[in-house]
Amino acid sequence: MDVDVFDEDVDGCIESIHVRNFFCHDNLEVNFNRNLNFIVGRNGSGKSAILTALVVGLGSRASATNRGNSLTSFIKNGANSAVVEVKVKNSSRRAYKHEVYGNYITIVRNINASGGSSYKIKSATGEIKSTKFEEVNAICLAHDIQVDNPISVLNQDDARSFHASDAKKKYSLFRKATNLDQTETNYNSAIANCDRAKNVLKRKLDAFIELEKEYKKWKANHEQMKSRDEIEAQKQALQNEYYWSEIAELEREAATVQAQYDKQNARIERLMERLRNMEQNFGSNSDTIDKLKSELQDKRAHKTSLEEDLRAHELEVRETQAVWQNAQSIMKKHTELLNREKRNVAQLEAEIQNIDSGSATSLRADLEKRLAEASEAARAACARYDTASNDAAQARAHAARAQAGAEQQAARAKQHQAGVEQLRQQLRELSSRGNDSLAVYGNNMVELVRRVKQAAARGAFSAPPRGPIGAYLKVKEKKWGGALEHIIGGSIQSFCVNTPDDSRKLFEIMGQVYGNSGKPAVTCSKFLSKQHDVSRNRVRASGFLCALDSLEISDPVVANFLIDNIGMESVLLVPNHDDATRLSDTEENVPENCAKIVTLDCSEYYPAPNYRSYGGSSRPSRFLHLSTAERKT
């Protein structure tokens, strides 16, 4: 038989804790009963992670948990962020702002990969009431929640060292647990304040004695004052003197204003004179603009001329290659002719040596004539050979330069060919999937959605899961598709489920479809039939839209996911960098509720006082408002 220990609910009791991507937990929700709770499990199963999540979720620093020095160490490996939700009881007559929060207060802390964190404090209806750490601190103080007190939260390391430490350390832990340290600090501060008050009292008493003496003196003077008529006359004289003093003061102020007026007039005259001089020296702005336009046209004409010269040089390279090939052929022919003539000369010289008498005079004369002709032909052949060699050298130099350009062009052509082949492969895959808009997420996503719908039709889920998130979104302006996908990030392929049991069933279906490969993320949060009212937290800037307003969202569950996990209502879309810089670099220019500014090329600007920016690159929309047919085009 169950018996409740308490007769009434106590404000500040932890109703439940829900963590996502925290230490080893993907998605874990623990609901606590009213009395005593035990959490058991093997070493490394994540029991201490729940205690750490409780301390962090209620606003404590990472160092207070003894589990890490920074919040990023709590994020699960492979994830970009972690979320801790702590639900606190708030139902008694002494509840904290019961008219605002109701019977329960839910504190949500988001931890991102950069080491920062943000808070969302929700009412019992799920509406966001505040995003400030001061409100979390006020809730903990109102409910007497002390996450840094070892009596309230005794972590593993403190418990282990408690038994092994000496009496002095145990007494130190006792003083901390019973708030004796804080009480002693407050007591010493009170004593110091008391000493200061005593010193002030002493100074006041000394001053009182002096004032009392002065009072007695003035009282004696009053008793010796003249009659009433004389006093009235003196009063009138003093009043007239006061009036004249006021007039004199006004005259001095008027003189000061007149001097400033004259000074400003002189300054205006000097500025007007400078303006007239500038107009005479430089002319009107229209002349400068016309001159710049003329220079722009000249530059464009020069660019066209350079492009024509480039085409002419390319043609010259091709012609030079042809000439070089022809010169090579001619050189080869002349070389063969020279060798043949050399052989003839050798033969003729041998015949001349064999001639020794006048009987061969006529033959010798004929041979000498032939020798002279052969020598002349040899000299001509050498000259032609030298010319051909020079032409060949020039042709080889032109060919080398042309070959380098040709190799560069061939490399670029090869890269383009590889890109075309990749696009053809994607086109073949898309054509094989038909005109299903989910095809852009891949074959596995199409099969997963089909199986989830079948399971939902059989009643396997408490509510049909929503996913992928991108399938429920449409962009109002197509140009913002890439930027919005950048903001949503990997969550665009995530799924939302209503209960932890639905999450488990969905993971089973994912395992059947994806096997050992990567799977979409799953977020578990109770489905609401109405979208969160973020009118008070939405970023506003004249002429620009917030990211949430730039989407058509067909399901309130998906809208609440984008609000809770991404904070789309606080992201401002600004097309160009100049406006983004202007709206973020100084605090007075930052729009209300603005957490981040994103431009068309996906650059990010975080507003002052912690102003910083990150460059991006424009990207086409891959998922949002796309079907297979649209992606083919």
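Start at 1 with the first residue, then count along the sequence. What you are looking at is a predicted structure, and each value in this text was computed from that prediction instead of being measured.
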- Item | Between CZ on residue F32 and CD1 on residue I17, distance to nearest 0.5 Å | 6.0 Å
- Do any N or O atoms from the side chain of T499 and from the backbone of D502 form a donor-acceptor pair under 3.5 angstrom? yes
- At what distance, to the nearest 0.5 angstrom, does CD1 of I121 lie from CD1 of I105? 9.0 Å
- Interatomic spacing from CG in D555 to CZ in F561 - rounded to 0.5 Å: 12.5 Å
- Would you say the side-chain atoms of K519 pair up with the backbone N or O of G511, donor to acceptor, closer than 3.5 Å? no
- Message: side-chain hydrogen bond (donor to acceptor under 3.5 Å, both in side chains), that's the test. Do E29 and S16 meet it? Break it down for me.
- Response: CA-CA 7 Å; E29 182 174 6; S16 65; 4.5 Å; no
- Query: V522 and N27: which non-hydrogen atoms are nearest, and at how many Å?
  - Reply: O-ND2, 3.7 Å
- Message: With rounding to the nearest 0.5 angstrom, report the CG to NZ distance, L484 to K478.
- Response: 14.0 Å
- Y611: which of T586, V590, D585 passes side chain to side chain contact (heavy atoms under 4.5 Å, CB included): D585
- Nearest-0.5 Å distance, CD of residue E569 to CG of residue D564: 8.5 Å
- Task: With K87 as the cation and Y104 as the aromatic partner, state whether NZ or CZ is under 6.0 Å from the six-membered ring centre and within 45° of the axis.
- Result: yes
- Flag the pair Q531 / V557 as yes when at least one side-chain heavy-atom distance between them is below 4.5 Å, and no otherwise. no
- Message: Classify the ring geometry of F133 against Y119: parallel below 30°, tilted from 30° to 60°, perpendicular beyond 60°.
- Response: tilted
- Message: Looking at R504, I want to see if its CZ is surrounded by more than 12 non-hydrogen atoms of other residues, nucleotides or ligands under 6.0 Å.
- Response: yes
- Answer yes or no: is there a side-chain heavy-atom contact under 4.5 Å between S494 and P520? no
- Is there side-chain contact between I553 and K474, with at least one heavy-atom pair below 4.5 Å? no
- Under 4.5 Å between any side-chain heavy atoms of V55 and L58, yes or no? no
- Say you draw a straight line from CG of L548 to CG of L572; how long is it, rounded to the nearest 0.5 Å? 12.5 Å
- Heavy-atom distance under 4.5 Å between the side chains of S570 and R538, does that happen here? no
- Message: Are the side chains of E127 and K122 in contact, using a 4.5 Å heavy-atom criterion?
- Response: no
- Which heavy atom of L551 sits nearest a heavy atom of K476, and at what distance? O-CE, 3.6 Å
- Query: What's the shortest heavy-atom distance between L545 and E477, and which atoms?
  - Reply: CD1-OE2, 4.2 Å
- Decide yes or no for V83 and R109: does some side-chain heavy atom of the first lie under 4.5 Å from some side-chain heavy atom of the second? no
- Task: Please examine the side chains of Q493 and Y441, heavy atoms only from C-beta on, and report whether any two atoms are closer than 4.5 Å.
- Result: yes
- Check whether any side-chain N or O of R466 sits under 3.5 Å from a backbone N or O of P464 as a donor-acceptor pair, and report yes or no. yes
- Message: If you compare all heavy atoms of V598 against all heavy atoms of W480, which two are closest, and at what distance to 0.1 Å?
- Response: O-CZ3, 4.0 Å
- Message: Quiz question: by atom type and distance under 3.5 Å, do the side chains of Y96 and E135 form a donor-acceptor pair?
- Response: yes
- Message: Before we go on, tell me: are the rings of F74 and F23 under 6.0 Å apart, centre to centre?
- Response: yes
- Message: If you count heavy atoms of other groups shown closer than 6.0 angstrom to NZ of K530, is the number above 12?
- Response: no
- Message: For the residue pair E604 / H486, report whether a side-chain donor-acceptor contact shorter than 3.5 Å exists.
- Response: yes
- Polar side-chain atom of K505 near backbone of P500 as donor-acceptor pair, under 3.5 Å: no
- Message: Can a side-chain donor-acceptor contact be found between E85 and T106 if the only test is distance below 3.5 angstrom?
- Response: no
- Query: Between L448 and F495, is a side-chain contact (heavy atoms from CB on, under 4.5 Å) present by the stated rule, with each step listed?
  - Reply: CA-CA 11 Å; L448 174 62; F495 280 72; 3.7 Å; yes
- Should we count CG of N77 as having more than 12 external heavy atoms under 6.0 Å? no
- Would you please test I50 and L28 for side-chain contact (heavy atoms from CB on, under 4.5 Å) and show each step? CA-CA 9 Å; I50 299 174; L28 175 67; 4.0 Å; yes
- Closest non-hydrogen atom pair between P556 and S529, with its separation: CG-O, 3.7 Å
- Message: Looking only at side-chain N and O atoms, does S535 offer a donor or acceptor that is under 3.5 Å from a partner on D533?
- Response: yes
- Query: Which atom pair, heavy atoms only, marks the closest approach of A113 to T72?
  - Reply: O-CG2, 3.3 Å
- E552 and Y472: side-chain contact (heavy atoms from CB on, under 4.5 Å), yes or no, with the steps? CA-CA 8 Å; E552 292 181 5; Y472 295 83; over 6 Å; no
- Please answer whether the main-chain N or O of P575 pairs with a side-chain N or O of D579 as donor and acceptor at a distance below 3.5 Å. no
- Item | Verdict with supporting geometry, L473 and L562, side-chain contact (heavy atoms from CB on, under 4.5 Å) | CA-CA 11 Å; L473 307 177; L562 296 178; 3.9 Å; yes
- For the side chain of H577 and the backbone of T599, is there at least one donor-acceptor N/O pair under 3.5 Å apart? no
- For the pair N90 (side chain) and G102 (backbone), establish whether a donor and an acceptor sit closer than 3.5 Å, ignoring hydrogens and angles. yes
- Message: Just to verify, which of C594, S613, P607 counts as forming a side chain to side chain contact (heavy atoms under 4.5 Å, CB included) with S584?
- Response: P607
- Message: Under a 3.5 Å cutoff, is there a donor and acceptor pairing between the side chains of N498 and S462?
- Response: yes
